[in-house]
Amino acid sequence: MAMLETESNATIPHGADVVTDTEILPIDNETGYRSFRAGSFVFRRDEYFARISWPGGTHAMPVDAYLRALMRDVAWGFFYGTVNFDDVVGTLNHYGEVTLFAGRYNDAYRNAGRDFSERFASETLMPLFKAMVSDWSNANYDPFAAPMETGTPWGAKNGNNDEAVTRTRVAARRMVGLPGDTPVRTDENGFPVNRMFSDVPQDRPVVEVEPGFENEVSAYNLFAYLSRSDVTWNPSVCSVVGDSLFCPTSEEFTLPVDHGNDRCEWFITLSDEIDWDIRDKDSGKPRAKVITKAGDVSCMPADIRHKGFANKRAMLLVWENGSPKIPEMIAKGEAPIVSVTF
Ligand SMILES: [Fe+2]
C-alpha cells in the first residue's frame with residue numbers, strides 16, 4: 001500500500017507522551033542474536049522463538065512466523081490500520097506515529113486489564129524493526145518468500161540475508177511501465193516467472209501512441225507482471241488514480257499477519273483460490289469464512305481483521321481508497337464501514 005500522510009487515526013486517543021526511547025542490546029553469548037528494546041517492550045530471539053516482554057507480561061511466537069510478520073510491517077511501513085503479528089502483539093498505524101501493543105485486540109487480555117500499549121514516532125520504531133529483521137534473519141532464510149522457496153530460520157545466529165530483507169516494495173506514482181515510473185518485470189531485470197505460473201502467457205499489449213502522448217499512454221500485461229513476483233503477501237501499488245490504488249500481489253501459504261482494516265478493502269481474486277478467515281477487529285471473535293476463486297470479488301468491511309490462505313500460489317488484486325481522511329470519517333460516523341448496502 002502507499003504510505004499515507006495524515007494527521008491522526010482516532011482508534012486509540014493520543015494522550016500519553018510519544019515514546020522515543022529505543023535501544024539495540026548486546027549480542028547474546030549463547031545464541032549470537034542481539035536483543036532490542038522499544039520503550040518498555042523487549043524483544044529477544046533464541047533458536048526457535050521470538051520472545052517479547054513488557055511490564056506485566058511475556059509472549060513467545062515461533063520465530064519463522066514472527067519474522068514473516070515483522071517483514072511485512074517493515075516493508076509496508078506499518079500499513080493501514082492494525083497489523084496483528086498474532087492474537088497478542090502487533091502495531092496500529094497513526095500515520096506518522098505508531099502504537100506497539102500486547103493484548104490490545106484480544107478480548108481475554110482486555111477483559112482482564114492485562115493489555116499494554118506504547119505509542120512511538122514511526123521514525124523511531126521503524127529503524128529498530130529494520131535492525132531486528134536484519135539481525136534475526138539467518139543466511140538461508142527469506143521471510144518474504146513462500147515456505148517452499150526458502151530455508152528455515154531455526155538455530156543460532158548464522159550470517160544474514162540483507163539482500164532479501166531490504167527489498168523495496170513497488171509503489172508506482174502513476175502506473176507500472178509509464179515513462180519514469182516503476183518498470184515492468186522481466187528476466188533481464190531479475191524477475192523470472194515463478195515456478196507456479198509457468199503457464200501464464202507473457203505476451204505484451206501493442207500500444208500505438210499518437211505523437212505527443214508518449215508520456216501518457218501505456219499498457220502492460222498484469223498477469224505476466226504478477227507471475228514474476230518474487231515475494232508473497234506484499235500488495236504493491238501498481239496504478240494510482242487520485243486516491244484509488246490498485247495493489248495487486250501474489251499469495252502462497254498464509255498471510256503472515258492478521259490485518260485489521262481501518263477502511264473498506266476490495267479483493268478481486270485473479271487466479272486460483274484464496275480462503276479468508278474474517279474476525280472482529282477489536283475482539284478477535286470469528287465472523288466469517290470467505291472462499292474466493294478466480295473471478296470472485298469480495299469487500300472486507302472496515303471493522304474486521306482478516307487472514308488469507310492459498311495452497312497454490314494465487315494472484316490477488318487489492319483495491320483501496322487511500323484517502324487519509326477515511327479512518328477519521330469512519331470513527332466519526334461520517335463514512336460507512338461497508339462499501340455496499342443491499
Ligand atoms: Fe486488509
Side-chain angles (χ1 to χ4, degrees), residues 1-4 6 9 11-12 65 68-87 89-95 98-99 101 104-105 144 169-171 231-238 243-270 273-292 296-310 314-331 335-340:
M1 305 290 108
M3 239 341 263
L4 297 170
T6 182
N9 171 335
T11 309
I12 288 182
R68 283 196 291 266
L70 179 65
M71 183 76 261
R72 270 61 180 193
D73 217 15
V74 166
W76 300 346
F78 301 122
F79 210 40
Y80 292 122
T82 318
V83 174
N84 297 288
F85 287 24
D86 65 358
D87 286 344
V89 298
T91 59
L92 171 64
N93 197 355
H94 310 282
Y95 309 100
V98 59
T99 294
F101 61 81
R104 172 66 181 78
Y105 295 95
F144 249 142
R169 191 172 46 94
V170 171
V231 295
T232 57
W233 307 100
N234 188 38
S236 301
V237 182
C238 288
D243 288 322
S244 173
L245 307 179
F246 268 9
C247 308
T249 164
S250 65
E251 322 292 50
E252 184 178 333
F253 191 52
T254 63
L255 175 57
V257 305
D258 213 344
H259 181 226
N261 286 6
D262 68 4
R263 63 196 67 214
C264 300
E265 183 178 36
W266 290 91
F267 288 164
I268 303 170
T269 302
L270 297 178
E273 178 174 329
I274 305 171
D275 303 341
W276 299 96
D277 273 0
I278 316 297
R279 298 193 288 162
D280 182 83
K281 181 165 76 172
D282 289 323
S283 71
K285 288 189 174 121
R287 276 182 57 177
K289 286 190 183 289
V290 179
I291 310 297
T292 67
D296 285 346
V297 178
S298 57
C299 184
M300 300 290 149
D303 62 347
I304 57 96
R305 69 179 80 176
H306 61 84
K307 192 172 180 73
F309 303 80
M315 297 179 184
L316 174 69
L317 175 59
V318 181
W319 179 30
E320 313 220 41
N321 183 333
S323 168
K325 296 176 186 162
I326 288 180
E328 197 169 337
M329 291 175 71
I330 288 174
I337 55 169
V338 294
S339 290
V340 179

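One-based numbering, in listed order, for ligands and for the atoms of each. Residue numbers start at 1 and run along the sequence shown.
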Peer 1: Between the side chains of Thr91 and Arg104, does any donor sit under 3.5 Å from an acceptor?
Peer 2: no

Peer 1: Applying salt bridge (Lys or Arg N to Asp or Glu O under 4.0 Å) between Asp277 and each of Arg305, Lys285, Lys289, report the one that passes.
Peer 2: Lys289

Peer 1: Which of these, Thr254, Val290, Ile291, sits in a side chain to side chain contact (heavy atoms under 4.5 Å, CB included) with Asp275?
Peer 2: Ile291

Peer 1: If you check every N/O/S atom of His259, which is the one nearest the Fe ion (ligand 1)?
Peer 2: ND1

Peer 1: Ion pair present between Lys325 and Asp243, side-chain N to carboxylate O less than 4.0 angstrom?
Peer 2: no

Peer 1: Among the N/O/S atoms of Glu265, select the one at the shortest distance from the Fe ion (ligand 1) and name it.
Peer 2: OE1

Peer 1: How about Asn261: does one of its N, O or S atoms come closer than 2.8 Å to the Fe ion (ligand 1)?
Peer 2: yes

